[in-house]
Amino acid sequence: MLSWALFFVTICICIALFLNLWRLLVGPHVSDRIMALDTMYINAIALLMLYGIYMETSLYFEAALLIAMLGFVSTSALCKYLLRGDIIE
Amino acid sequence: MNTLLCIPLLVLLGTLVPLCSTRYSRTACAFLTAALPAIALFLILQLAPSVLDGQRFQTSLAWVPSLGLNLAFRLDGLTLLFSILILGIGLLVILYARYYLSHNDNIGKFFCYLILFMFAMLGVVMSDNLIQIWVFWELTSISSFLLISFWSGKSEARKGARMALTITGAGGLFLLAGLLLLGNVVGSFDLQTVLDSGDLIRAHSAYPIITVLILIGAFTKSAQFPFHFWLPNAMAAPTPVSAYLHSATMVKAGIFLMARFYPSLAGTDLWFLLVSMTGLATFLLGGYLALFQHDLKGLLANSTISHLGLITLLLGMGSDLALVAAIFHIINHATFKASLFMAAGIIDHESGSRDMRQLNGLWKYMPYTATLAMVASSAMAGVPLLNGFLSKEMFFNETLHQDSLGSLSWMVPVMATLGGVLSVAYSTRFVHDVFFNGEPINLPKTPHEPPRYMRVPVEILVALCLLVGIFPSWIVGDLLHSASFAALNASVPEYSLAIWHGFNIPLLMSAIALVGGLLVYYNRQHLFKFQAQFPSNDPKVLFERAIQQLVAKATWFIGFFENGSLQRYMYFLFMFTIVVSAYPLLDLDTTAGRRPEIPLDALSITGAVLLSIASLATVVWHRRRMVALLTLSVVGLIVTLAFARFSAPDLALTQLSVEVVTIILLMLALFFLPQKTPKESSPRRVVRDLGISAMIGGVVGTVIYALMTRPLETISTFFTENSKTGGGGTNVVNVILVDFRGFDTLGEITVLGIAALGIFKLIARMRLYMPSSNEQGRPWSTDRHPLMLSVVSQSLLPLALLVSAYIFLRGHNMPGGGFIAGLITSVAIIQQYVAHGVDWIKDRLKLDYQIMIGSGIGIAALTGLGSWFFGRPFLTSWFDYFYLPVIGKFELASAMLFDLGVYLTVVGATMLILANLGQLTTSERAVFEEEA
Amino acid sequence: MQHLSILPILLPLFTGALLLLPPLSKTLKRQRVFTVLSMLLQVIIGFTLVASVQIDGVTQYILGDWRPPFGIVLVADPMSSVMVCVTNFLAFGAVCYATGYHDRTGGYFYPLFMFQVMGINGAFLTGDAFNLFVFFEVLLIASYALLIHGGGKQKTQATTHYVVLNLAGSSVFLFGLGILYGTLGTLNIADMAQKVGELEGSVAILAKIGALLLLVVFGMKSAMLPLHFWLPKTYSSASAPVAAIFAVMTKVGIYSILRIHGVVFGDEAGELANIAQSWLWPLALLTIVIGTIGALASPSLKLLTANLVVLSAGTLMVCAAIGSEAATSAALYYMVHSTLVAGGMFLLADLIARQRGKAEDRFVISKKTDNPLFLGIGFAIAAIAVIGMPPLSGFLGKIMILQAAHSTAEQLWVWPIVLLSSLGALIALSRAGTTLFWRHSVNKQQTEEHQTVHIGEWLGIVLLLGASPLLALFGGPVSELANDAATFLHDPRLSVEALLTSPLADGGF
Amino acid sequence: MRFLPMPFHSLLLFVIWLLMNNSISPGHIVLALFFAISIPLLVNSMRSEQPKIRKPWLALRYFFLVLKDILIANIQVAVLVLGPIRKLKPGFVAVPLDVTSDVGITLLASTVSLTPGTVSVEVSEDKQWLYVHALHLDNEQALIDEIKQRYERPIKEILGC
Amino acid sequence: MSFYTELLICVLLVIGGIFLLIGSIGLARLPDVFTRLHGPTKATTLGITGVLLASMIYQTLNQGHFSVSELLITLFLLITAPVAANMIAKTALHRENSAIPRTTGLSLLNNIRQRKAADAKEED
Amino acid sequence: MEGIYAFCVGLMTACGIFLTLRGRTFSVVVGLTLLSYAVNLFLFASGRLKLDGAAVLGMSEEYGDPLPQALVLTAIVIGFAMTAFAVILAMRARADLGNDHVDGRIPQTKEQARQKSGGQR
């Protein structure tokens, strides 16, 4: 049952990732693309957690944590760039 | 100490004397300068009797034994002759030069160069080692360059010197090649061995090459056709130099070389043909050209060429007697030509001109000098009772007894006579045009007799001309004999040095030459007219033009390749990479190996597709920079996931944190770089680049596939086995980083630190204007620090620090480590910068990042150094487990301290970069203008 | 002195780190004194290292006490010790020179310089392929930072090209290393040499690609023909002491070629024996040609010197291509000579440029230099040495190379090209010298203040150029040293097996 | 308070450390204490003045309220997203603010973003208005009231401003 | 591991997966920037919470000791997601990305852009 | 899996190289970043791929090759330092040279022009 659920969720996330990429590619605005990237980060976290369950290991927890942290930094910096140009002013 | 070594050494020391004595009077300087060479001459003369008896002195010191290069000197007959010429005439020239040079000239420098040349020349003739001969040979080129260009302010002097250096230097290179080959053929660079193995050499297949190479060396030095043209242009030198180098000594070096290697190389048709024909051509050409010179020294220079040709011709005749004649003429030519040059120098010095069209009728003003010059030029013309006559007789005689041209051999004596005619003609011209032929025209000075002692050298030399001419065997008989003996490396044939040999064909030829020469001189107007039809080709101009063309061609060529375009260089790099790597791939039969592959799954396919699309999108949209940046982030994210997927959590962490910082940096760059990228690659260029990149991509993909599908045995099991027991950590990757290969990490953080310092340097002087609007032309938002962002960021900072501490502490046993922790800390601080701005932070955060970098690297290195105190090599790790009552068991390891260094460096470096970049922009915003 | 062989890396590292910390970081004067003293010590260590290798034989320093091939080792053999010594000597000269003027033209000069020295020394000493990469990067990043020292448009542009090319080069390096690790499963150079011989079939082909990719990288560092284009502009725009230390950087590439392609993929490499040779031959010769052409085309002394560096690199590559013991020995001698002379020449060029007013070091008519005697003698020494004319060191090196090329199949190419390159250099340098020192503009109205040569600058130039006569005078011992080094390098029993199986390898000292 | 400049944060850090390490061993408690004290001391200078939490228990209740709303919000959004796009009636709403502190506004805005069908878009420069975007807007005033009643009031109470 | 816990994990996982997918579908499907914002901020956050909870339970059972570190990620995302959404919205506003015409309150848009008060008068 | 991995590495290399051949500093830097990703994956794969083999003792039965991982880590850090330098250098080039070209089409300053055509001798 668990493996089935894992498979299902993996497929869901794969589709989600594709959708994100699609949004990232078509835009139409940069804000859309950033949003897509941000969502991608979150999906990646989910993927890592799933992988952790699948591999029965918690080794990937830190990676997920870092994606959460750094993804946010990256998103906010990107937005700051679009808003102000200079991200560190 | 060895006398033989002393001789050149004394002269070498002599180069310093003028430099030290230049502050005294010029006379004192000259005498002091002359002292050491005089002693050297004295030493040689002391040895002379034994040499004349056929003895040969040799000495040798090891210099570079592995090359066969020894410091070896010898003194045999030939050497003796040349040494006496070099030192004797050298001393006379020193005396002469003391009067010749004006007060403006730095006489110390001049004498220094002169003695240096003397040393070099002496070295050439005394060398007993092939390479050493070449060493001194080149030294003569260098010193003559300095001497010719002594009046370096004159363009002529510079050009003449450069030409001389270029030609003789080039010849020297040929000579080197020849000598090396010769030495390799013989198996030794020892001169005597080479001289003794003439048969071996002549039989060797390399003989023709050796001969040609060595002869080219000799010809260039001795101004033989077609390399003769540098000599007249070297006349820009002060006259003492001309007298010394360009008549008596340096130009004889080539002759000397031919005479020296006569036993080894001569005796074949190749030698005869090459040497004799070159000599003959030079003999005639020099004589002919001398006739038309208006410059006094030019005439003498061309006559020198002619006489050198004569000697060469003699050397090429192949008979031993011809060699004797050649050596005899060397002596004679040296005496009369040196005296002529000195006389010409006196005329130049006292009248201010060397142009024969101005110089006329000087007999009235300087009768004494005129007499000397006339005697010397008679010797040059070959008038009986003078030394020139004797050697010319021998020469004519030898031309009759040769058969180098087979049935055309009769032409040689005819040509020789013709040459004699020419030499009489130009000698006559020298005498008649200068000392008679009416009154001087527009001379800058009124000519008068030179100072007393300036004439002395001329007198001595002219006296020698006379003495040799009248008492040949008494004066030079022994010397000539021993020199010939040495040159032949065998017994000398019978010959007689008498003034009178009876009426014979040579005498007839001499007579024809004398009469014909006078006739030619009287009818010179016709010849001048004839010559005037030819365009005057100044070899100097031609040579300069050739060189300049060479330079222009070179410039064009370099400009063609190095067009300053990075793309071009990258193109070369990648093309080369393709060629090198694809070529062996052609031999690879099957790409796939035997190692079983991991089965595919949906996740991997998704990742791969995402990665591919994102990469391609980055390429396609590289001109829409912001989008490219986003797709690049996607690539980075997927790479991170790939690392995680293939069991490398540490890599995933590192890649992730690095990527974020990179993106932030790229955004900073985006801001300052032009906002638009115009489309500028031509379709052809794009196709070409696509081809290159596809090829490399293909190669890389193939190679990695081939690698991955082949089994591998590595040293890695050692690491997994020893990680816990030896390194005290369970995270093998981290233990490798801080322990097994901690040295790499030390280097790596150093790189990071250096990069930060370098970037700081870059920023320190940067003057950038900030764009006031984005790529759409929209002004920036006025909301500098969005409210929500600042509030949340503040709360996130402690959290992030905690996380980084967590990552840091667990690094040794679990994925993590100082580097990642450092990056997290940095990113957290950067987030504060993004949210609050530089000014806000500057007041609150007072960290000296430079000190952090320094201490970080220092701590890491010191940790490594700690093991020295336990007698262990650098970076030997230490760890142990401790028990504390409440806390329980915990581990302490030196690796942690090392990691702390890493952490500090990373934070320091990252922050040094970013904080300073931020400060760059706090100045007021100027309106930015896009460049045209 | 068991730690002697790591000192050439650690000492500059600590010096560099300390220079960043107070109190040394506070004033330039302190930095200056400290650096010069440290550098002096390093020179002494360099000579001690050479001597100790000569006396006690090869030492390997086992870092972290992890026996090879698992840990990283430093190998102080005759060759590397000599190169380290040369580097330190050169750096000492350059540092002395920098005290005169150049250390003031930008920040962090001394720390960066120390890291640069560390990188170069490390690259020479390390016995581990990946560690070689790390030290390459250390020396590269330091060179980037140093290159922009002093500022100016030309420097920025040259640096941009240099940096991007080298970044691409580093990628190729990693590709190569990846392949080698993927086929051999080890990183220790000696261990690699042992395992290479066992490869066969497709794996051997892959390893070959790896080796050739490394050749690309080393070729680029050492200015091999299609990859040398960055060099002239980069070197000529660097500030003098930096350009001087750069003179040894091309040699790092050559040294690595000798090490990797001469030894690991040398005669004993089975299927992969001497794979680089067929590539090296034509490229080396063409490098000489293009260096000569570049020298002829150079409009300024710095550019000329830079092109002469290319020329000497080509000459050295010929040695690598010959691959015999004699050639390696010749290469070492020539390497020492050309490094020091080129370094000295860069310093000299800078001094000349600074004394000639607006004309700088370009070959145009200009005002007279203020110290014609010193500069003239210096130039003469440098020129004679670099052309390869006697009596200075260049000719010995050249003869050694010619002799090494004797009776190889390519002799017919090597001899003419090497000799003609000398002629080209002769023409170029004689033009340069006569113009720089002897063509003066007549007007003497603008008498600016007379510049004197700073003592440090004087010392730097004298040290570096003075090495040339000394190298020639002591040609015998030096060539013996070079022979020893070559013998060691070419004897697998000495250079490979000893390092892996010696009793030292068990971790003790 | 010199050693505990941010008591709430310290507590949070203490808990988080234990959370991260999944451990309540004495060693980790000591470490957690260490970090809980040292990190706030380190970053104290990097903070602007912030209001204190006046009513912790209310805060906790508010937290769970938001959690519950998030759940509901998502189901609503899911329906909207998956449903026909044409029927969607998005809209902007301006919510007048009573909370004055930055933290309060941020808290409110975050809550709004996380809860049913609304995302806070912007805060006006004078901090008097919170602009909200609703995915499906039927009744403007109802939304404003709900936000003010359900979220703003407790926040104001918790922070006391 | 008992059936029920496994079931719980599965349910959580599936819920998480579905919500993640819905978030992304929203992102891809909704008509303008502002509506798209809703997907990632809410659905995705919930989805990831589901997955994280599942992981937490699973790891706790699997490793035999309490594994709650995943809560940290959840907390983190709950804090940051609204801010990220806010930043993106600000960007969209700043760059004058258009909302679909049927949006109500479009008249406010100009005020929002300039961060004026809602009752401020239009000036230009 | 290996095939698809190799394909991705190859593709990324190609993309990176194509971008480095463009004429603007930004493209070049992006290209180098992409290239360095590819290099890291390449180096990593030289130790062969392994699922479920994280090199943490006790966490898995078989371990993947930890050595390439360590190498890649070093390479990432070094690559980061280098990229950072290149980025700032690009900005500096913009500041000094007034543009972001790398193809040598830089408007010649007077000095350079004189240098090029400068008389010799």
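Convention: sequence-line order gives letters A, B, ...; per-chain numbering from 1. Since the structure is predicted, the reported quantities are computational estimates derived from the model, not experimental observations.
At a 4.5 Å heavy-atom cutoff, the contact between A:F61 and chain E is made by backbone and side-chain atoms alike. Residue E:I79 does not touch chain A at all, counting heavy-atom pairs closer than 4.5 Å. For E:L93, no part sits under 4.5 Å from any heavy atom of chain A, backbone or side chain. With a 4.5 Å cut-off on non-hydrogen atoms, E:L77 touches chain A through its side chain but not through its backbone. For E:L20, the parts lying under 4.5 angstrom from a heavy atom of chain A are both the backbone and the side chain. Of the atoms belonging to E:L30, it is backbone heavy atoms, and not side-chain ones, that fall under 4.5 Å from chain A. Looking at E:I22, neither its backbone nor its side chain comes within 4.5 Å of chain A, counting heavy atoms on both sides. Contact annotation for A:M40: neither backbone nor side-chain heavy atoms come within less than 4.5 Å of a heavy atom of chain E. For A:L83, the parts sitting under 4.5 Å from any heavy atom of chain E are the backbone and the side chain alike.
Contact tally against chain E (heavy-atom pairs below 4.5 Å) for A:C14, A:A5, A:C12: the top residue is A:C12. For chain A, the option among E:V51, E:I48, E:I18 with the highest count of heavy-atom pairs below 4.5 Å is E:I48.
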Exercise. Under the side-chain contact (heavy atoms from CB on, under 4.5 Å) criterion, do E:L21 and A:I13 qualify, and how do the steps go?
Worked result: CA-CA 6 Å; E:L21 185 58; A:I13 295 176; over 6 Å; no
Considering only heavy-atom distances, could you tabulate the donor-acceptor pairs under 3.5 Å between chain E and chain A?
unit_1: E:E6; atom_1: OE2; unit_2: A:L2; atom_2: N; d: 3.1
unit_1: E:S24; atom_1: OG; unit_2: A:N20; atom_2: OD1; d: 3.1
unit_1: E:S24; atom_1: OG; unit_2: A:N43; atom_2: ND2; d: 3.3
unit_1: E:L27; atom_1: O; unit_2: A:R23; atom_2: NE; d: 2.8
unit_1: E:L27; atom_1: O; unit_2: A:R23; atom_2: NH2; d: 3.4
unit_1: E:A28; atom_1: O; unit_2: A:R23; atom_2: NH2; d: 2.7
unit_1: E:R36; atom_1: NH1; unit_2: A:D32; atom_2: OD1; d: 2.3
unit_1: E:R36; atom_1: NH1; unit_2: A:D32; atom_2: OD2; d: 2.9
unit_1: E:Q59; atom_1: NE2; unit_2: A:T57; atom_2: O; d: 2.9
unit_1: E:Q63; atom_1: NE2; unit_2: A:S58; atom_2: OG; d: 3.0
unit_1: E:N97; atom_1: OD1; unit_2: A:H29; atom_2: ND1; d: 3.1
unit_1: E:N97; atom_1: ND2; unit_2: A:S31; atom_2: OG; d: 2.7

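In this structure, CZ in E:F76 is found 9.5 Å from CD1 in A:I45, a value given to the nearest 0.5 Å. Separation of atoms CE (A:M35) and CG (E:L27) is listed at 6.0 Å; rounding is to 0.5 Å.
Using a 4.5 Å heavy-atom cutoff, the side chains of A:L65 and E:L72 are in contact. Side-chain contact between A:I53 and E:L13 is present, with at least one heavy-atom pair separated by less than 4.5 Å.
For A:F8, the CZ atom counts as densely surrounded, since its 6.0 Å shell holds more than 12 non-hydrogen atoms of other residues, nucleotides or ligands.
For A:V9 against E:G17, the heavy-atom pair with the smallest separation is CG1-CA, 3.8 Å.
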